[in-house]
Amino acid sequence: MYHYLDNLGRGLAFGAQVAGALTALVMVGSLLLGVFYRYVLGDSLVWSDEVASLAFNWTMFLFASVLVREGGHVRVTLLVDALPSLVSELVERAIMLLILGFGVLMLWTGWNFAEFTAGQVSPAIRYPVWIKNAAVPACGLLISVHALVLMLRPMPIRNVVESKHE
């Protein structure tokens, strides 16, 4: 069962990385085009900053979810590394439980906020604002899935063997 969950998480992380890379390209391209128009052509684009902001929002949240899967989230490991391996593993799983709770909170509050802004449109290009705000619940869902997969992963053999000898 865990194997299927891990494959699901791996696939979601890969999809988030691809989508994040595409949105990063859109962001950089939009900003470069805006700078080119402003300083080379002496004209300004009214939409480039808005598109860059939309793309940045999605880029940041997509890559943040991938960092949870890869263990790249901000953390201080001094105490966890000093603990016996079995206790350390249990603390890591407790941390994943907290991250899962944070992901669910992001999903719930982000969904409510995106729903709240459903009738609004952006000033320059008139896209529905909920598209930008939907990055938060999408990230919350991805974080929740990754934290759940990491929390349910099999315990390393060395931790079980070391705990019997301690």
Chemist: Throw together a table of side-chain donor-acceptor distances under 3.5 angstrom for residues 18-39, partners on residues two or more places apart or in other chains.
Modeler:
| unit_1 | atom_1 | unit_2 | atom_2 | d |
| --- | --- | --- | --- | --- |
| Thr23 | OG1 | Ala19 | O | 3.2 |
| Thr23 | OG1 | Gly20 | O | 3.0 |
| Thr23 | OG1 | Thr59 | OG1 | 2.6 |
| Ser30 | OG | Ser48 | O | 2.5 |

Chemist: Is a side-chain N or O of Arg153 found less than 3.5 angstrom from the main chain of Tyr2, in a donor-acceptor match?
Modeler: no
Chemist: Using atom types as modelled and distance alone, determine if a side-chain donor or acceptor of Glu50 lies under 3.5 Å from a backbone N or O of Ala124.
Modeler: yes
Chemist: Let's go through Glu115 and Asn112 carefully: what are the C-alpha distance in whole Å and the side-chain angles of both, what is the deciding distance for side-chain contact (heavy atoms from CB on, under 4.5 Å) to 0.1 Å, and is it a yes or a no?
Modeler: CA-CA 5 Å; Glu115 195 174 54; Asn112 288 337; 4.3 Å; yes
Chemist: Report yes or no: do Leu98 and Leu107 belong to one cluster of Ile/Leu/Val/Met/Phe/Trp/Tyr joined by side chain heavy-atom distances under 4.5 Å?
Modeler: no
Chemist: Examine distances only and state if a side-chain atom of Ser88 and a backbone atom of Leu83 form a donor-acceptor pair shorter than 3.5 Å.
Modeler: no
Chemist: Does atom CZ (Phe102) have a neighbourhood of more than 12 heavy atoms from anything else shown, all under 6.0 Å?
Modeler: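 Result for CZ/Phe102: open.
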Chemist: Is the closest side-chain heavy-atom distance between Val136 and Phe113 below 4.5 Å?
Modeler: no
Chemist: Determine whether more than 12 heavy atoms belonging to other residues, nucleotides or ligands lie under 6.0 Å from atom CZ of Phe116.
Modeler: no
Chemist: Side-chain heavy atoms nearer than 4.5 Å, only ILVMFWY residues, links allowed to pass through others: does that put Met151 and Leu67 together?
Modeler: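 No, because Met151 and Leu67 fall into different hydrophobic clusters, even though each may have its own neighbours under 4.5 Å.
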Chemist: Are Val40 and Leu45 connected, step by step, through hydrophobic side chains (Ile, Leu, Val, Met, Phe, Trp, Tyr) whose heavy atoms are closer than 4.5 Å?
Modeler: yes
Chemist: Keeping Ser144 on the side-chain end and Val104 on the backbone end, is there a donor-acceptor pair under 3.5 Å?
Modeler: yes
Chemist: Identify the two heavy atoms, one from Val121 and one from Val129, that lie closest to each other, and give their separation to 0.1 Å.
Modeler: C-CG2, 3.5 Å
Chemist: Please round to the nearest 0.5 Å and tell me the distance separating atom CZ of Arg69 and atom CZ of Phe14.
Modeler: 13.0 Å
Chemist: Sub-3.5 Å donor-acceptor pair from the side chain of Trp58 to the main-chain atoms of Ile131, do we have one?
Modeler: yes
Chemist: Determine whether Ile99 and Leu105 fall in the same hydrophobic cluster, where Ile, Leu, Val, Met, Phe, Trp and Tyr are linked whenever their side-chain heavy atoms lie under 4.5 Å apart.
Modeler: no
Chemist: To the nearest 0.5 Å, how far apart are CG in Leu5 and CG in Leu150?
Modeler: 11.0 Å
Chemist: Side chains of Val66 and Leu62, heavy atoms from C-beta outward: is any pair under 4.5 Å?
Modeler: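 Sidechains of Leu62 and Val66: no contact.
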Chemist: Decide if atom CH2 of Trp47 counts as having more than 12 heavy atoms of other residues, nucleotides or ligands within a radius under 6.0 Å.
Modeler: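 Result for CH2/Trp47: enclosed.
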Chemist: Which residues pass the side-chain hydrogen bond (donor to acceptor under 3.5 Å, both in side chains) test with Asn7, not counting sequence neighbours?
Modeler: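 Partners of Asn7 under the side-chain hydrogen bond (donor to acceptor under 3.5 Å, both in side chains) test: His3, Arg10.
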